[in-house]
Structure formats: structure tokens, C-alpha cells
K.L.:
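Just dropping this structure here.
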Amino acid sequence: MALYMTKLRYLDLSINSFSGVIPMFIGSMTRLRYLDLSTNFFNGSIPLFIGSMTRLRYLDLSYNSFSGSIPLELWNMWPSRLAHLNLSSNNITGKVTNLL
């Protein structure tokens, strides 16, 4: 099943019971500026494709079960493109880079 939401700019799926990894089709939403997937049960690593979402300004992945380190692709988006980044209340490990 193909999802054609390439013109979507705002997606808020927070406070649900979604689980597993973030679906790949979200990476095809090239015009997305706002993405809130907070307060769900997503797990695994933060997907690298988020770093390819060049128009994204707001990203909230808080209150999930993401693990591992923060991908370099995501760090490269902040602060020049991302105005809001919330990764709190996950199982992320590693060092926070000196970009802060």
C-alpha cells in the first residue's frame, strides 16, 4: 500500500499507542515542517531518514523507547534547520556533542 502524502506539512500523531519502528513512508514526506510522534511506543534507533527531511523545523520524539545514540544526520539538522528538537524520556545513550 503506497501512501501519497508528499504535500503534507504538519503531522501530529502524538499520544497514541503506535509501536515498533517509525515507518519508512514518513521519510517520503518531503515538505513536512512539523512532526510530533511523542508519547507512543516507538522503539529501536532514531531512523537516519529523518536527517533527509530538509524542511523539518519541529521534531518531537519524546516519551518513546528509542535507544542507541543520536544519529549524526539529526545533529547536522540542528540548529541551522530545526528550531525545536525534543528527544526526552527515551533510552538514548552516548555523548551529547558540543553543538549545544
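Residue numbers count from 1 along this sequence. Just so you know, these numbers use all the heavy atoms, side chains as well, and skip hydrogens, waters and symmetry mates. Since the structure is predicted, the reported quantities are computational estimates derived from the model, not experimental observations.
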K.L.:
Do Phe42 and Asn90 have side chains that approach each other closer than 4.5 Å (heavy atoms only, starting at C-beta)?
P.N.:
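Answer no - side chains too far apart.
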K.L.:
Would Phe25 and Leu8 show up in the same hydrophobic cluster when neighbours are defined by side-chain heavy atoms closer than 4.5 Å?
P.N.:
yes
K.L.:
Tell me the closest heavy-atom pair linking Leu11 and Met29, and the distance in Å.
P.N.:
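In this case the closest contact between Leu11 and Met29 is CD2-SD, 4.0 Å.
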K.L.:
Does Phe18 belong to the same Ile/Leu/Val/Met/Phe/Trp/Tyr cluster as Ile15, with side-chain heavy atoms less than 4.5 Å apart forming each link?
P.N.:
no
K.L.:
Are Met24 and Ile22 connected in the hydrophobic side-chain network, where two residues link if heavy atoms are under 4.5 Å apart?
P.N.:
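Yes, same cluster.
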K.L.:
Who else is in the cluster with Tyr10 when I, L, V, M, F, W and Y are joined by side-chain contacts under 4.5 Å?
P.N.:
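Tyr10 shares its hydrophobic cluster with Tyr34, Tyr58.
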K.L.:
Enter the distance from Leu82:CG to Ile50:CD1 here, rounded to the nearest 0.5 Å.
P.N.:
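With rounding to 0.5 Å, CG (Leu82) is 9.5 Å from CD1 (Ile50).
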K.L.:
Which pairs, with at least one residue in residues 38-55 and sequence neighbours excluded, count as a side-chain hydrogen bond (donor to acceptor under 3.5 Å, both in side chains)?
P.N.:
Asp36-Ser38
K.L.:
Give the intermediate values and the outcome of side chain to side chain contact (heavy atoms under 4.5 Å, CB included) for residues Arg81 and Leu56.
P.N.:
CA-CA 7 Å; Arg81 290 187 295 188; Leu56 202 57; over 6 Å; no
K.L.:
Nearest 0.5 Å, what's the CG-CG distance between Leu74 and Leu85?
P.N.:
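So the CG of Leu74 and the CG of Leu85 are separated by 5.5 Å.
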K.L.:
Are there over 12 heavy-atom neighbours, none belonging to Tyr63, within less than 6.0 Å of that residue's OH?
P.N.:
no
K.L.:
Roughly how far, to the nearest 0.5 Å, is CG of Asp12 from CG of Asp60?
P.N.:
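Reported to 0.5 Å precision, the distance equals 8.5 Å.
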K.L.:
Which side-chain hydrogen bond (donor to acceptor under 3.5 Å, both in side chains) pairs, counting each pair once, include a residue from residues 64-73, with sequence neighbours left out?
P.N.:
none
K.L.:
State the CD1-CG distance between Ile46 and Leu48, to the nearest 0.5 angstrom.
P.N.:
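Reported value, rounded in 0.5 Å steps: 10.0 Å.
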